[in-house]
**Q** 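Here you go, one structure.
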Amino acid sequence: MKINFAELAHPTVDKAVIYLVGEDKKLSEEAQGLDKKANGLLSKAIANSNFTGKRGQYLSVNLAQGARADFAILAGIGAAKTIDATVLENIGGGVVPKLNSLRAVSASLVIEGAKIGAIAATEAAARIAHGAYLRSYNFDKYFTKKTVDEKPTLKSFTVTLTGAKNAVKSYADLSALAEGVVFTRNLVSEPANIINPETLAEQCKTLEKLGVDVEILGEEEMYKLGFGALLGVGQGSAIESQLVVMKWNGLGKNSKVAPVAFVGKGVTFDTGGISIKPAGGMEEMKWDMGGAGVVIGLMKALAGRNAKINAVGVVGLVENMPSGNAQRPGDVVTSYSGQTIEVLNTDAEGRLVLADALWYTQKHFKPKFIVDLATLTGAIIVALGTSRAGLFSNNDKLAEQIFTTGKKVGEEVWRLPLAEVYDKQINSDIADMQNIGKDREAGSITAAQFLQRFVNDVPWAHLDIAGVAWSKKDRDITPKGGTGYGVRLLNQLIADYYE
Ligand code: BES
Ligand code: MN
Ligand code: ZN
């Protein structure tokens, strides 16, 4: 979808025009003008409906011929004093399905200062556009028979305000961010016969044209380094495992400033391996590379907006398959850190991949911090559902920053504990540790304890995104499917605290 900004003084002609209406139900100046020309259709519609101007409410009004548009949509914006960036993004997102159901190809939304509280009109315009763009995302490349009538119509969305030029500027960084989110969503949505460790590594390579340095380690190189944990997971697959290292040096090519680091679980399909999963729902495990997807999309966003930060992204890419070469329950592997692991369940594979990727990241980059993202445990969905990721950290300050940023951008997290009692659960009878707890208790925490054994005291946070990487229903700025959850959160974390 194309996003435009236009001057209020030069309104465009569209299928639909959207006005913001607060809880006082008063029409803005522009809307009043239209109301007059349309013989009071707008005010009558408000009077004859249960529209109260609350957020999430929309009222569409069929206009008479010759009016500026065929339809006007009144969008509830609630109390002016509580409007923030997220509220505006959600309104932008919320109008998209309304416009598609009116079969609108183009639409414009009118911003007038009185309706948006303390926020500058240019910033409000950019946020609304951002929300609309993210909601209009649609992964439809595999439909060959859908007719025009069955597809969404909206192709162009214009925000009209005073100061359109400045809105274009405010929108530039958000547009780069959105392209990062879209990249993540695309990667997560692709089926596992298209996105596998090798093709996903190729996708990382495409970031080179934005100035990201991309290095790929194949199985031979990882074998030489001693990546026994990661390689064990991939050994049943016909496709080679990969470790991709992406570097964005926003502080200058030769800058020696310590980077911030992001590590992602990239299991392009998780059958469970020999500890095989039940057939029902197994197709969902195509998005078990969601953590890697976020790291890749984040690197794209940082490069796209030319972020003043040194950042590295490391993704461990493997396919977890059962085969004659697959790892067996009970196998003992030696990780890159030198620590040995008894693999009691081949379906607890994400932590094995991350073990080597985390150790590599802390050792080679001495980063300011590491944040890892992984669709790591079903247990986190039991604990937190699908609205919050699980947060684990060895550093209160980093944890607090992530929590605060999550609230701010609407990608929330909830912190769970790490402690000696949980750590003990993964001691093994035959090796330094085992890859599952002694019983099923606290499954997400024992998984995080496992990861902590590979971060070597670097400030670190682990986000278990199993509940949030994919959505079964449409949300404000996120259509159902791959969400890209985490890209906006981590981009904002950098912008607010590290840039
Ligand atoms: N990828 C799964 C976790 C998962 C489950 C993600 C559902 C998204 C939705 C992970 O590799 C896994 O299989 N975890 C096991 C761990 C268990 C064997 C200790 C789980 O959660 O059941
Ligand atoms: Mn698994
Ligand atoms: Zn998995």
Side-chain angles (χ1 to χ4, degrees), residues 188-189 192 195-197 200 229-230 232-237 241 263-294 315-322 326-331 341-357 372-390 392 416 422 425-426 428 433-451 462-472 480-483 485-486:
V188 168
S189 302
I195 284 292
N196 61 43
L200 187 47
L230 184 153
V233 177
Q235 80 187 31
S237 170
S241 303
V263 175
K265 168 180 172 181
V267 177
T268 61
F269 197 78
D270 180 14
T271 64
I274 297 299
S275 312
I276 198 161
K277 288 182 182 293
M282 201 201 274
E283 70 283 354
E284 294 196 358
M285 289 300 109
K286 74 171 184 182
W287 47 265
D288 208 19
M289 37 57 71
V294 172
V315 292
L317 311 180
V318 302
E319 186 181 48
N320 188 20
M321 296 293 264
Q327 161 162 271
R328 294 144 292 252
D331 283 4
I341 304 162
E342 183 188 14
V343 180
L344 284 177
N345 188 320
T346 64
D347 196 13
E349 84 296 341
R351 64 199 75 179
L352 297 169
V353 173
L354 289 172
D356 285 343
D372 80 70
L373 301 105
T375 49
L376 204 64
T377 66
I380 203 68
I381 312 175
V382 178
L384 298 178
T386 57
S387 66
R388 281 163 180 73
F392 301 83
L416 286 94
Y422 303 112
Q425 302 245 61
I426 54 169
S428 155
M433 69 195 86
Q434 57 190 43
N435 76 329
I436 55 171
K438 296 211 193 302
D439 48 46
R440 293 181 60 236
E441 286 178 22
S444 303
I445 305 177
T446 50
Q449 292 292 165
F450 185 96
L451 300 182
H462 157 57
L463 294 173
D464 192 335
I465 59 170
V468 295
W470 188 270
S471 176
K472 288 188 175 152
K480 71 177 185 213
T483 61
Y485 171 104

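These values consider heavy atoms only, across backbone and side chains, with no hydrogens, waters or symmetry-generated copies. Order of appearance sets the numbers: ligands from 1, and atoms from 1 within every ligand.
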**Q** Under 3.5 Å, N or O to N or O, is Ile436 touching ligand 1 that way?
**A** no

**Q** Would one find an N or O of Glu349, backbone or side chain, under 3.5 Å from an N or O of ligand 1?
**A**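 Right, the criterion is met.
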
**Q** Atoms of ligand 1 less than 4.0 Å from Met285 heavy atoms?
**A** 1 (N), 6 (C), 7 (C), 8 (C), 9 (C)

**Q** Go through ligand 1 atom by atom and flag the ones less than 4.0 Å from a non-hydrogen atom of Ile381.
**A**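 Within the 4.0 Å cut-off of Ile381, ligand 1 contributes 9 (C).
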
**Q** Does the residue Arg440 have a heavy-atom contact with ligand 1, meaning some pair of atoms that are separated by less than 4.0 Å?
**A**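 Per 4.0 Å heavy-atom rule, Arg440 does not contact ligand 1.
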
**Q** Atom CD in Gln449, atom OG in Ser444: separation rounded to 0.5 Å?
**A**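 Here the rounded value is 12.0 Å.
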
**Q** Of Val353, Leu352, Leu317, which meets side chain to side chain contact (heavy atoms under 4.5 Å, CB included) against Leu230?
**A**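 The residue from Val353, Leu352, Leu317 that satisfies side chain to side chain contact (heavy atoms under 4.5 Å, CB included) with Leu230 turns out to be Val353.
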
**Q** I need the OD2(Asp270)-the Zn ion (ligand 3)-OE2(Glu349) angle, rounded to 10 degrees.
**A**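 Once rounded, the angle between the two atoms at the Zn ion (ligand 3) is 90°.
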
**Q** What's the spacing between Ile436 CD1 and Thr377 OG1 if we round to 0.5 Å?
**A**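 It comes to 13.5 Å.
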
**Q** Give a yes/no verdict on whether any heavy atom in Val267 is under 4.0 Å from an atom of ligand 1.
**A**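 Outside the 4.0 Å threshold, so no.
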
**Q** Can you list the ligand 1 atoms lying under 4.0 Å from a non-hydrogen atom of Trp287?
**A** 8 (C), 9 (C)

**Q** Angle at the Mn ion (ligand 2), OE1 of Glu349 to O of Asp347, rounded to 10 degrees, please.
**A**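 Rounded to 10°, it measures 70°.
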
**Q** Closer than 4.0 angstrom: is that true for some heavy atom of Leu376 and an atom of ligand 1?
**A**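 The answer is yes, since Leu376 has a heavy atom less than 4.0 Å from ligand 1.
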
**Q** Are Trp470 and ligand 1 in contact, using a heavy-atom cut-off of under 4.0 Å?
**A** no

**Q** In degrees, rounded to 10 degrees, what angle do Lys265 atom NZ and Asp288 atom OD2 make at the Zn ion (ligand 3)?
**A** 100°

**Q** Which atoms of ligand 1 have any heavy atom of Lys265 under 4.0 Å away?
**A** 1 (N), 10 (C), 11 (O)

**Q** Flag Glu284 as yes when one of its N or O atoms lies below 3.5 Å from any N or O atom of ligand 1, and as no otherwise.
**A**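 No - when backbone and side-chain N and O of Glu284 are compared with those of ligand 1, no distance drops under 3.5 Å.
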
**Q** Using a strict 4.0 Å cut-off to heavy atoms of Thr375, name the atoms of ligand 1 that fall inside it.
**A**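 In order of number, 1 (N), 2 (C), 3 (C), 6 (C).
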
**Q** Just to confirm, does any protein heavy atom lie below 4.0 Å from atom 22 (O) of ligand 1?
**A** no

**Q** Examine Asp270 against ligand 1 and note whether any of their N/O atoms are separated by less than 3.5 Å.
**A** yes

**Q** Salt bridge between Lys265 and Asp372, side-chain N to carboxylate O under 4.0 Å?
**A** no

